[in-house]
Amino acid sequence: MTGVNEFKLPDVGEGLTEADIVAWRVKEGDTVAINDVIVEIETAKSIVELPSPYAGEVLALLVAEGQTVEVGTPIIRIGEKGAVAPGPVQPATPEPAVADARGTEVIDTNIPPTGNATLVGYGPRQRALKRRTRKGDAEPVVEVRAPASLETSAAPAPPAAPGAARALAKPLVRRLARDLGIDLTALVPTGPKGTVSKDDVLAAAGGPMVEVRGAQATSLETSGERETREPIKGVRKQMANAMVASAYTAPHVTEWITIDATATVELVARLKDRREFQGIKVSPLLVVARACVLALRRTPLVNSTWDEAAQEVVIKHYVNLGIAAATPRGLVVPNVKDAHALSLVDLARELEALTATAREGRTQPAEMAGGTFSITNVGVFGIDGGTPIINPGESAILCLGAIKPQPWVVGDQVVPRQVMTLALSFDHRHVDGATGSQFLADVAGIVSDPATALLF
Amino acid sequence: MIEPALADPVFGPAPEQTADDPELVQLLTPEGERVHHPAFDLDFSPDQLRGFYRDMTLVRRVDIEATALQRHGELGLWAQLLGQEAAQIGAGRALRPQDFVFPTYREHGVAWCRGVDPVRLLSLFRGVDQGSWDPAEHNFGLYTIVIGAQTLHATGYAMGVQRDGAVGTGDPERDTAVVAHFGDGASSQGDVNEAFVFAASYNAPVVFFCQNNQWAISEPFERQSRIPLYRRAHGFGFPGIRVDGNDVLATYSVMQTALQRARDGQGPTFVEAYTYRMGAHTTTDDPTRYRLSDDVENWKLKDPIARVEVYLRRNGMADDNFVAEVAAEADALGERMRRECHALPDPDPRDIFTLVHSEQTAELAAQQATFDAHVASFDGEEVPV
């Protein structure tokens, strides 16, 4: 018994697959006791501190801060003092690690559990194999035997023969192999059930994962005067995924209209003086939001979802009105539930609460889910307008530009008026130009002359 | 957004909504001062007080160890009791052997008092069984995950106790009380309110013990009720009382009285133990997203264990040796939990044929035979279930 243990990233939240390493609380050479906090991780659900399941000396931190790692990936190596020289490239005691990550066949021959170690043994290592095979289980092997060439990594490989007619690999891995010019059938698969893993491909492409990760870590550290590297994760990653998903599935059409919003500006001033609105923020956004909710009655298709799976367009009879908000953590789009049923005062109150929550970075996932139509207000940045990208799952988004005094033709005269541009992007798969134009014109009509709201 | 209810010129004044109700029963202040109460005062022996301290300390350790085991990847989930030790130990130690308890999924302290080994709790949260203690052996039901459902089970059981004639006989070995555990969030459930109606109508020997820990996951208490919870009982027609749930002496005393009322045939009581969930709802939850650390800091000052330690030390009933002994016992317990948790066996897939129905039907027997043959065909290999 060598007394060296690796702690694999656990699933701390019922079905999570990955987590970000936020901060290490220990460094190599530190002595830790069982349940000492060793690392802080951030999952999709929360930030949590992980306590050490082992006592001993920290021999190696296997992942860098800021990295996103899959559940099941070894993140730290702890052992008796001086048991193994620290360093991620050390082929530390490969027996248990390999047996562990490899297959059922080794374990099922009744190798006794490692439970008589000085510590508590690693129960789940044996056990894990009887559970559902997890995605990350085999990948660590590549990391541990870092400088391994293709030949050496073949030695303890599972029976799956190289050169099989068609290699097993996930689409993403296939894509990666194609991009890197790697022949999948030439690789020794180390993934679950004889599949070729991402690390196999990376290893074949130019050395093992450790080096790749090491290189990333180095470039992170060398962020300097000429460039800064920031990891893509958290809200930024979500924003990217949502935007890409939307932009590449829904054909966007954007229309815009420039209008005289003076009446709305005056209305906002009058509302502010009313008793009902005391202590509540009233802004042109409120009037536009209300205008959208009303206009959606005439063009309900704008308030719908394209259900690809069912091959149906789902028209919503309620409006969950999303408001794109810039927050310290990035873009979030919380929505006001059942905005169609709210009075102007209640809508104002809800908008204020929602934006305040978003600005504090406390928006909950439920508050962002189930939106049916969204508004983005680039006017707050002093911008005239833009071509917004639809929030995934919705069919349209309205972009508010800044309201500025501009020359405007009234009758035969040019007079200064409060002018703004509204832009609407809609999903042209099912919202045609006539419907989109009708909706935008209706909203513009109400904002130009709020009295026309009575028509809806 | 919660707006305060206003007084109405026709219907009268608004209901009292203050949280710090003067009617909170307390026998030991957060500073460890013994105070007295006209109705619920008791004399506690030094052994009893040391026992409370030991129970609470060990149960806290059970909770901390289980939370750590979840973070080690050994448990799928854990529901923390941190901060609620006094409420649970007070309620658990006031029981008599024949009393029966219907817990939620957080009653680790009551389980402790009922002699359920903490490792049995771990196996449930590790997902290797569905709850492996025998409720009849411990008079402690299986953990109920469905919010509030157990209050109806408890009321039904209590009505059964009545029909067995085990109420109001005057025989202290026989007269039985039933406890339904639940929380502030469950108080909004239909089941709980139905249980109140039945218990009141049939004068059932049940004590509704509500640990108001202020949070239903992320929902603050003020969204559950406009009035202090214990006052709801009055509307259903039985007494309600609020006790300092971080005061083990007061909780014990109030529960002893309420349980005796039930055993004597005087019907149900609602006990609201006013406490605070210091940890997360479960290990899957992140309370920093919805509550302020100020609040938590404030409740830290009301710690249930610290006040008992102060009282014991100040009155010469405990010294460093005693505290160190209990700490060593807690360490040993933690070590045993880790060891035995790792050693918990995987479940036998065939259990489903033996543990679901009390009698096996011919059809099930045939299914079991088929399944046994299927399992045997794997010849010792892993069986995909």
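Chain letters run A, B, ... following the sequence lines, proteins first, then strands; residues in each count from 1.
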**OP:** Among B:R71, B:Q70, B:E65, find the residue that satisfies the side chain to side chain contact (heavy atoms under 4.5 Å, CB included) test when tested with A:P51.
**Re:** B:R71
Within 6.0 Å of [atom1] in [X], more than 12 heavy atoms from elsewhere:
| X | atom1 | result |
| --- | --- | --- |
| B:Q130 | CD | no |
| A:R274 | CZ | no |
| B:I352 | CD1 | no |

**OP:** Compare all side-chain heavy atoms of B:E335 with those of A:I34 and state whether any distance is below 4.5 angstrom.
**Re:** no
List the residues meeting ring-ring contact (aromatic ring centres under 6.0 Å, His included) with [X], not counting sequence neighbours, and say none if there are none.
| X | result |
| --- | --- |
| B:W112 | none |
| A:F277 | none |
| B:F221 | none |

Rounded distance [0.5 Å steps], [atom1] in [X] versus [atom2] in [Y]:
| X | Y | atom1 | atom2 | value |
| --- | --- | --- | --- | --- |
| B:T67 | A:E49 | OG1 | CD | 12.5 Å |
| A:N35 | B:I64 | CG | CD1 | 9.0 Å |
| A:D11 | B:L75 | CG | CG | 12.0 Å |

Original post:
If you count heavy-atom pairs under 4.5 Å with chain A, which of B:L77, B:T288, B:T283 comes out on top?
Top reply: B:L77
Original post:
Any idea which of B:G76, B:P287, B:A68 has the most non-hydrogen atom pairs under 4.5 angstrom with chain A?
Top reply: B:A68
**OP:** Would you please go through residues 181-188 of chain B and name the residues with a non-hydrogen atom below 4.5 Å from one of chain A, in numerical order?
**Re:** none
Subject >> Residue part contacting chain B, namely of A:T357, when any heavy atom lies under 4.5 Å >> reply: neither
